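Below is one structure, written out as structure tokens, with a few remarks after it.
These numbers come from a predicted model, not from an experiment. Only heavy atoms go into these numbers, but all of them, side chains included; no hydrogens, no water, no symmetry mates.
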Amino acid sequence: MGQTLTIADFEEVAPVKFALKSPLTDAEFVALRERYDGYRVEVSAEGEVTLLPMPYTKTNLQNTEIVFQLKLWNKQGRGGVVLGPDGDIILPNGARRAPDAAWMSKERVAALPQWQRDTFYRIAPEFVIELRSETDRLKAVRAKMTEYMETGSQLGWLIDPEEKTVWIYRPDREPERLDNPSRIVGEGPVEGFVLDLTEVWS
């Protein structure tokens, strides 16, 4: 008779990590993603691979709402490029990241070499959002937000639906914490953007 599993058996889903012996080429990274289909794959600047469990449906719905609002704002003549959680980028320090949402100006994207525009952007987004899922470790996500700021991002939001908190990241400043805000108002590169959190919190 097969083993009977319960929800408790899956409560402690944790990221899997392992080190690389040498940096990955773009083709090798694509092959790695295909090998670990069902995971989101990220690589640190030091060459550590992290296999992140795919988020639950609730998190996917929250993330879709965030990207939708950002894209809608961008289409109103903002002249930028919006990436969702499948938009892998390579930061200036060599880390391969997949932010849950990101915005960058078309001018900066247009300045990239054509081969980068055809593969993976080597760029730090001006604006980045990370949505903490049920399987994310807060310490790891906060470290990622700091990395974005240190590599050139101008503004970042870490949204934690479980705690209903938002951490606002800016370069060379301590993160600002907002408790249970109904919305977040953009500044700097995304001045004028307002993220309604009603559906994210619900």
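Using a 4.5 Å heavy-atom cutoff, the side chains of Val128 and Met149 are in contact. Annotation: side chain of Lys17 is not in contact with side chain of Ser44 (no heavy-atom distance under 4.5 Å). Residues Leu195 and Val166 form no side-chain contact, since every pair of their non-hydrogen atoms from C-beta on lies 4.5 Å or further apart. Inter-residue side-chain proximity for Leu83 and Met104 is flagged as met; some heavy-atom pair is nearer than 4.5 Å. A heavy-atom distance below 4.5 Å is found between the side chains of Trp73 and Val190. Residues Tyr36 and Leu52 form no side-chain contact, since every pair of their non-hydrogen atoms from C-beta on lies 4.5 Å or further apart. The shortest side-chain heavy-atom distance between Asn74 and Phe193 does not fall under the 4.5 Å cut-off. Counting heavy atoms from C-beta outward, Trp167 and Met145 have side chains that stay 4.5 Å or more apart.
In Glu187, the CD atom is crowded: over 12 heavy atoms of neighbouring residues, nucleotides or ligands sit closer than 6.0 Å. The environment of CD in Gln76 is crowded: more than 12 heavy-atom neighbours from other residues, nucleotides or ligands sit within 6.0 Å. When the shell of 6.0 Å around CD of Glu191 is examined, it contains 12 or fewer heavy atoms from other residues, nucleotides or ligands.
With sequence neighbours left out, Phe120 forms a ring-ring contact (aromatic ring centres under 6.0 Å, His included) with Phe29. Every ring-ring contact (aromatic ring centres under 6.0 Å, His included) that Phe127 has, sequence neighbours left out, goes to Trp157.
Under the salt bridge (Lys or Arg N to Asp or Glu O under 4.0 Å) criterion, the residue pairs touching residues 93-102 are Asp26-Arg96, Arg40-Asp100, Glu42-Arg97, Arg97-Glu147, with sequence neighbours excluded.
Nearest heavy-atom pair, Ser153 versus Pro171, reported as atom, atom and distance to 0.1 Å: O-CG, 3.4 Å. Contact between Ser105 and Glu126 at its shortest, heavy atoms only, is OG-OE2, 3.0 Å. Closest approach of Ile123 to Pro92, counting heavy atoms only: C-CD, 4.3 Å. Residues Tyr169 and Pro175 approach most closely at CE2-CG, 3.4 Å, considering heavy atoms. Pro23 and Glu28 make their closest contact through O-OE1, 3.9 Å (heavy atoms, listed as atom of the first residue, atom of the second, distance).
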- [ ] With side chain to side chain contact (heavy atoms under 4.5 Å, CB included) as the test, would you mind laying out the steps for Trp115 and Arg122 before giving the verdict?
- [x] CA-CA 10 Å; Trp115 67 271; Arg122 270 76 171 166; 3.6 Å; yes

Task: CA sep, side-chain torsions, deciding dist, call: Leu51, Val41, side chain to side chain contact (heavy atoms under 4.5 Å, CB included) - done: CA-CA 5 Å; Leu51 305 180; Val41 182; 3.8 Å; yes

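We find the OH-CD1 distance between Tyr148 and Ile129 to be 11.0 Å, quoted to the nearest 0.5 Å. The structure places CG of Leu158 at 11.0 Å from CG of Leu178, a figure rounded to the nearest 0.5 Å. The CG atom of Asp196 sits 7.5 Å away from the CD atom of Glu65 when rounded to the nearest 0.5 Å. One distance of note links NZ of Lys58 with CG of Asn63; it measures 13.5 Å at 0.5 Å rounding. From Ile66, atom CD1 reaches atom CG of Leu61 across 11.5 Å, with rounding to the nearest 0.5 Å. Rounding to the nearest 0.5 Å gives a distance of 4.5 Å between CG of Leu197 and CD1 of Ile184.
For the 3.5 Å distance criterion, the side chains of Ser133 and Asp136 qualify, holding a donor opposite an acceptor.
Using a cut-off of 4.0 Å between Lys/Arg side-chain N and Asp/Glu carboxylate O, Arg132 and Glu163 are scored as not salt-bridged.
Under a 3.5 Å cut-off, the side chain of Gln116 and the backbone N or O of Tyr121 do not form any donor-acceptor pair. A donor-acceptor pair under 3.5 Å links the side-chain atoms of Arg117 to the main chain of Leu112, judged by distance alone.
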